[in-house]
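Below is one structure, written out as structure tokens; the observations come after it.
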There are 2 protein chains.
Amino acid sequence: MAKAGAKRGSYHHGDLARALEAAAITVLEERGPDGLTLREVAAAVGVTHAAAYRHFEDKTALLAAVAEQGFRALALGLAAAVDREPGDALARLRAFGEAYVAFALDHPAQYGVMFGPRLNESGRFPSLEDAIGEVVTIVAKDIKAGQAAGRVRPGRTRDIGMSIWIFSHGYAELVHRRRVKVKNRAVALEYFQTLFAPVLRGLEAE
Amino acid sequence: MAKAGAKRGSYHHGDLARALEAAAITVLEERGPDGLTLREVAAAVGVTHAAAYRHFEDKTALLAAVAEQGFRALALGLAAAVDREPGDALARLRAFGEAYVAFALDHPAQYGVMFGPRLNESGRFPSLEDAIGEVVTIVAKDIKAGQAAGRVRPGRTRDIGMSIWIFSHGYAELVHRRRVKVKNRAVALEYFQTLFAPVLRGLEAE
DNA sequence: ACCTGAACACCGTTCAAGT
DNA sequence: ACCTGAACACCGTTCAAGT
């Protein structure tokens with residue numbers, strides 16, 4: 001049982017670290033954020049669970065790697081969505097929020113790890129912090145452009161970015177917890193637009 | 001070690017169920033949402049961990065009871081805060097959001113349980129659902145009053161309530177995860193007001 | 001009726017030992 | 001240098017046995 005799951009080649013001289021990260025994401029999306037065990041991840045890769053400790057200090061370190069990879073993927077997705085948007089600064093902010101929610105909906109378990117366990121207490125994993133910084137940078141850029149164009153209300157750019165993050169994250173969270181009830185992905189995104197529009201209106205220049 | 005913690009009286013004919021709930025909340029706020037074990041809760045009450053199963057079907061059921069109690073306390077706090085507010089409907093909505101965030105900040109671990117583990121998948125714990133309903137009812141009442149007074153934008157009451165919930169929850173979540181950086185409770189509440197004001201402005205009648 | 005004691009399967013972590 | 005095997009302490013859950 002422990003050696004099921006194939007992967008014939010030995011990981012001697014392979015990249016076990018990345019193989020474990022990838023397997024962790026797979027297991028995560030199958031079993032949910034709580035069901036992840038180091039032992040199953042190792043088994044999925046065809047290796048003893050103790051082998052993981054050669055590459056990750058502990059289970060938290062593996063989760064931090066998964067979270068970091070998630071934030072980098074999120075940043076790429078957000079940048080692409082914003083660049084794809086032909087409208088003005090406000091339209092780009094709307095696209096940002098929608099792409100953010102879409103990522104959370106499409107990777108629920110990974111998103112759960114990104115925000116779930118209190119990773120990075122006491123500043124372990126500085127590269128995780130860097131990855132989060134990328135996300136923040138993306139909104140900030142468009143908010144400044146919007147302010148320069150007189151479409152977004154003046155004031156601290158960071159505050160406006162936070163508001164957008166808070167609302168997008170809060171929405172994704174409550175959908176995951178089934179407190180916002182939506183039938184499917186399409187409806188979830190549509191309902192987000194409905195709720196997000198008035199919020200954005202509050203962030204417009206008067 | 002297992003019998004430390006005092007509580008001289010036998011729980012034979014006492015209310016072990018509620019004693020376990022109370023102990024769970026204490027342990028939770030000390031150890032954090034992840035560090036809670038059934039065994040430590042039982043030990044804190046002076047009972048074998050197996051005894052808990054006479055009162056709760058499993059660990060999840062105990063957590064659900066903790067969550068339910070949390071939602072009821074939250075509803076009481078929100079109702080009190082709103083009633084204390086002398087201003088108009090919008091001021092009451094602001095008071096609602098602030099009281100919501102205050103509760104989350106003051107009971108971080110319990111709040112984590114209320115939204116953390118995927119409790120209540122497949123409709124176990126219907127009374128938990130009831131408790132959540134109380135919270136929703138409170139906002140709805142004031143939104144309707146605000147709409148009647150022409151202060152809150154017309155449209156689906158539920159949507160506006162959701163937006164307020166989403167923003168308050170999202171803020172509390174990101175503070176807990178240290179993604180919103182604030183020095184202390186007072187600053188956290190003040191910063192919430194700063195961010196919440198423009199959002200509320202978007203929900204005003206035009 | 002309510003709780004204890006002991007067992008079971010499972011987990012994260014460690015470490016000597018193999019190659 | 002990298003992985004295995006076996007051990008350790010701990011967990012949730014179950015159940016026969018005590019009172």
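A note on names: the letters A, B, ... follow the listed sequences, proteins ahead of strands, and every chain is numbered from 1.
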Problem - Distance below 4.0 Å between A/T37 side-chain N/O and C/dC11 OP1 or OP2 - result: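 Yes, such a contact exists.
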Handout entry: Charged N-O contact under 4.0 Å between A/E190 and A/K183
Key =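 Salt bridge: no.
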Would you mind reading off the distance between [X] atom [atom1] and [N] atom [atom2], rounded to a whole angstrom?
| X | N | atom1 | atom2 | result |
| --- | --- | --- | --- | --- |
| B/E40 | D/dG12 | CD | P | 10 Å |
| B/D34 | D/dC11 | CG | C1' | 14 Å |
| A/D58 | D/dC10 | CG | P | 18 Å |
| B/H49 | D/dC11 | NE2 | P | 9 Å |
| B/L20 | C/dC2 | CG | P | 13 Å |
| B/Y53 | D/dA17 | OH | P | 21 Å |

Handout entry: Contact nearer the 5' end of DNA chain D, comparing A/A51 with A/R39
Key =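 Mapping each residue to its closest nucleotide by heavy atoms, the 5'-most match is A/A51.
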Practice task
Assess the pair A/H169 and B/Y171: is the distance between their ring centroids shorter than 6.0 Å?
Solution key: no
Problem - Between B/F196 and B/Y100, ring centroids under 6.0 Å - result: no
Problem - Base paired to C/dT14 (Watson-Crick or G-U; both N/O distances under 3.5 angstrom) - result: D/dA6
Practice task
Write down the partner of C/dT19 under the Watson-Crick or G-U wobble criteria, each distance required to be under 3.5 Å.
Solution key: D/dA1
Exercise for the section: Please list, chain by chain and in numerical order, all residues satisfying side-chain hydrogen bond (donor to acceptor under 3.5 Å, both in side chains) with A/R185, sequence neighbours excluded. Expected result: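 Checked A/R185 against side-chain hydrogen bond (donor to acceptor under 3.5 Å, both in side chains); matches are A/D106.
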Practice task
Name the nucleic acid region contacted by B/H55, choosing base, sugar-phosphate or nothing; use a 4.0 angstrom heavy-atom cut-off, strictly under.
Solution key: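 If one applies the 4.0 Å heavy-atom cut-off, B/H55 turns out to touch the sugar-phosphate alone, with no base involved.
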Handout entry: Nearest-nucleotide pick for B/K59, side chain only, options being D/dA6, D/dC3, D/dG12
Key =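 Nearest to the side-chain atoms of B/K59, counting from C-beta on, is D/dG12.
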